[in-house]
Number of protein chains: 2
Amino acid sequence: MAIHYEPLETQSLAKQIADKIRSAILDGRLKVDERLPTEEELAVKFAVSRPTIREALKRLAAQNLVRSRRGPAGGTFIKRPTPDELRRSVATSATLMVTFGEFDVDAITEARREMERLCLRLAISRRNEDYLKRMATEVELQRSDISDEEFCASDIRFHQTLVDATANPVLQFNMVSVIEALQPLMNMIANRFREREAIVEYHYALYRAIKDEDLEAAEKALDDLIDYLCVQYHSAQRG
Amino acid sequence: MAIHYEPLETQSLAKQIADKIRSAILDGRLKVDERLPTEEELAVKFAVSRPTIREALKRLAAQNLVRSRRGPAGGTFIKRPTPDELRRSVATSATLMVTFGEFDVDAITEARREMERLCLRLAISRRNEDYLKRMATEVELQRSDISDEEFCASDIRFHQTLVDATANPVLQFNMVSVIEALQPLMNMIANRFREREAIVEYHYALYRAIKDEDLEAAEKALDDLIDYLCVQYHSAQRG
DNA sequence: TTTGTATATTTGTCAAACAAATAGATAAAT
DNA sequence: ATTTATCTATTTGTTTGACAAATATACAAA
């Protein structure tokens with residue numbers, strides 16, 4: 001019988017130190033804007049050299065958990081990651097899941113259909129002129145003569161606005177990854193004029209339905225849009 | 001009028017280098033398992049010192065994008081983050097959003113109610129004995145005499161299993177943050193025996209409804225559970 | 001054929017120093 | 001007296017050079 005030994009994994013000192021400080025931040029033993037000791041002092045405290053301490057701090061900086069400033073009043077401070085940084089981090093994770101094939105197209109479209117439908121319902125029940133105006137602006141833009149990149153960017157903004165209209169930050173946070181995950185597919189089919197035109201019309205139908213507070217029409221427009229994207233995708237796969 | 005100058009932000013060399021390599025990874029110019037040049041060579045290539053290169057690589061390591069090994073066949077390799085690492089990263093981001101007050105309890109419960117209801121529908125339509133068995137096991141466990149920590153962990157597993165039953169990896173990925181986000185609230189009320197008992201009964205009702213493919217009963221059980229959590233939370237706030 | 005050993009390579013760590021930014025104190029000029 | 005310039009101390013940013021530790025490869029010995 002094969003004996004399974006412990007990983008024994010002697011991790012690098014820098015990683016161990018980074019993990020210690022991170023958990024101190026996450027469970028509140030270190031508070032936001034608090035100043036860490038200087039790198040020199042940390043080196044003494046952890047009995048390692050300054051470069052090792054720096055590697056640890058850079059790991060934390062990569063996760064937006066600390067920031068550093070030079071000078072006498074400088075140092076390394078506990079930082080509160082901004083919502084935008086956290087959203088961006090989630091979006092990156094979602095993109096990696098897609099590029100490494102963890103999400104198949106069917107799963108992505110199903111999730112998006114279900115979740116965006118849900119957002120639709122809430123958006124209509126909280127109908128708000130401001131968001132409607134922003135959606136109309138994006139549709140206008142998409143009808144005009146813009147580049148494929150601008151079209152894709154506008155597409156993202158259109159759907160994100162729809163999600164923002166739910167007035168629910170948790171849904172907004174989660175939809176980032178779903179919208180982002182579908183983007184490669186959008187890019188693929190956005191460079192054909194006919195496809196773009198069709199998509200804009202679905203967007204307009206969606207906008208109108210929300211404006212009229214017509215849930216049924218809105219759900220149909222969303223279904224049609226996603227069905228259309230699926231068909232286009234599968235035909236592109238064959239062709 | 002105050003003039004707003006550009007940030008002018010001269011970022012550290014290590015950060016610039018890390019960002020360059022990261023974008024090369026993300027848009028596929030560097031492929032998984034590919035070996036980067038040695039730290040020495042990178043130092044020459046970017047015209048900086050080795051510690052600076054190392055700080056850059058450690059930033060990437062913190063994001064699970066590279067791994068390093070010592071020795072002749074060692075070096076720094078492009079790594080594909082595992083789904084679990086990415087989920088953990090999302091969970092951490094969600095936790096930070098909660099602890100920094102970006103999500104209020106109403107938004108969290110609304111999102112969870114809506115999204116878990118959606119998962120419920122899919123889970124029933126894809127009813128699977130394996131997942132049902134796992135849910136039953138968790139309910140049994142929750143009925144037994146376990147610590148509060150174990151109870152909370154089991155609660156997470158119960159709901160995660162429900163989500164897994166949708167067989168949709170995108171939903172699974174997203175629900176991590178919603179389930180995680182509600183956890184502080186769970187912890188708060190899990191240390192009272194009566195509350196625990198009530199929660200288990202809702203879990204059991206949920207399990208039974210899915211087993212019987214009774215969507216209506218399942219939605220009611222979920223609603224009741226979340227309503228109960230809300231009531232408990234608000235009474236705890238007052239008390 | 002197996003086992004041990006040397007060797008080269010590469011990351012991990014350390015030590016000491018200088019560069020650059022910057023807050024605060026001090027001196028100079030108006 | 002108030003502003004401006006300069007100095008100084010402090011802290012992160014970066015460099016250099018070195019040694020330690022791990023490990024794949026080749027080679028020698030049993």
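Below, chains carry the letters A, B, ... as their sequence lines are ordered, and counting in each starts from 1.
Rounded to a whole Å, the CZ atom of A:Arg67 is 16 Å from the P atom of D:dT11. Between the CD atom of B:Glu40 and the C1' atom of C:dA8 there is a distance of 15 Å, given to the nearest Å. Straight-line distance from the CD atom of B:Gln11 to the C1' atom of C:dA21: 16 Å, rounded to whole Å. Atom CG of A:Leu13 is separated from atom P of C:dG12 by 11 Å (rounded to the nearest Å). The separation between A:Phe77 atom CZ and C:dT22 atom C1' is 12 Å, rounded to whole Å. With rounding to whole Å, B:Leu42 atom CG is found 13 Å from C:dG12 atom P. Distance CD (B:Glu39) to C1' (D:dT15): 15 Å, rounded to an integer number of Å. Going from atom CD of A:Glu41 over to atom P of D:dT11 covers 7 Å, rounded to whole Å.
Among the nucleotides D:dA9, C:dG12, D:dT15, the one closest to any side-chain atom of A:Pro72 is D:dA9. Side chain of B:Arg70, nearest nucleotide from D:dA20, D:dT11, D:dT14: D:dA20. Considering only the side chain of B:Arg54, C:dG12 comes nearest among C:dA8, C:dG12, C:dT10. Residue A:Arg35 has its side chain nearest to D:dT11 when only C:dA15, D:dT16, D:dT11 are considered.
Both A:Thr76 and A:Pro51 lie near DNA chain D, and the one whose nearest nucleotide falls closer to the 5' end is A:Thr76. For the pair A:Val48 and A:Gly71, both in contact range of DNA chain C, the more 5′-proximal nearest nucleotide belongs to A:Val48. Residue whose closest nucleotide on DNA chain C sits further toward the 5' end, between B:Ala73 and A:Ala14: B:Ala73.
Between A:Arg87 and A:Glu180 there is no salt bridge, since no side-chain N of the basic residue sits under 4.0 Å from a carboxylate O of the acidic one. Ion pairing between a basic and an acidic side chain is recognised when a charged N comes within 4.0 Å of a carboxylate O; B:Arg126 and A:Glu110 show such pairing. In summary, A:Arg157 and A:Glu138 engage in a salt bridge, as defined by a charged side-chain N under 4.0 Å from a carboxylate O.
OP1 or OP2 of C:dT10 has not a single side-chain nitrogen or oxygen of B:Arg69 nearer than 4.0 Å. An OP1 or OP2 oxygen of C:dG12 is reached within less than 4.0 angstrom by a side-chain nitrogen or oxygen of B:Lys58. The phosphate of C:dC14 (OP1 or OP2) has a side-chain N or O of A:Thr52 nearer than 4.0 angstrom.
A:Ala61 comes within 4.0 angstrom of no nucleic acid atom, judged by non-hydrogen atoms across all strands. Note on B:Ala47: only backbone sugar-phosphate atoms sit closer than 4.0 angstrom, heavy atoms only; bases stay farther off.
Side-chain to base pairing of B:Arg50 with D:dG17: no donor and acceptor N or O lie closer than 3.5 Å to each other.
Applying side chain to side chain contact (heavy atoms under 4.5 Å, CB included) to B:Met186 and the options B:Asp148, B:Leu229, B:Ile156 leaves one that passes, B:Leu229. With B:Glu39 as reference, B:Arg54 is the one residue of B:Arg70, B:Arg54, B:Lys45, B:Lys58 to meet the salt bridge (charged side-chain N to carboxylate O under 4.0 Å, His left out) rule.
Note: A:His203 and A:Phe158 have parallel aromatic rings, judged against thresholds of 30 and 60 degrees for the angle between ring planes.
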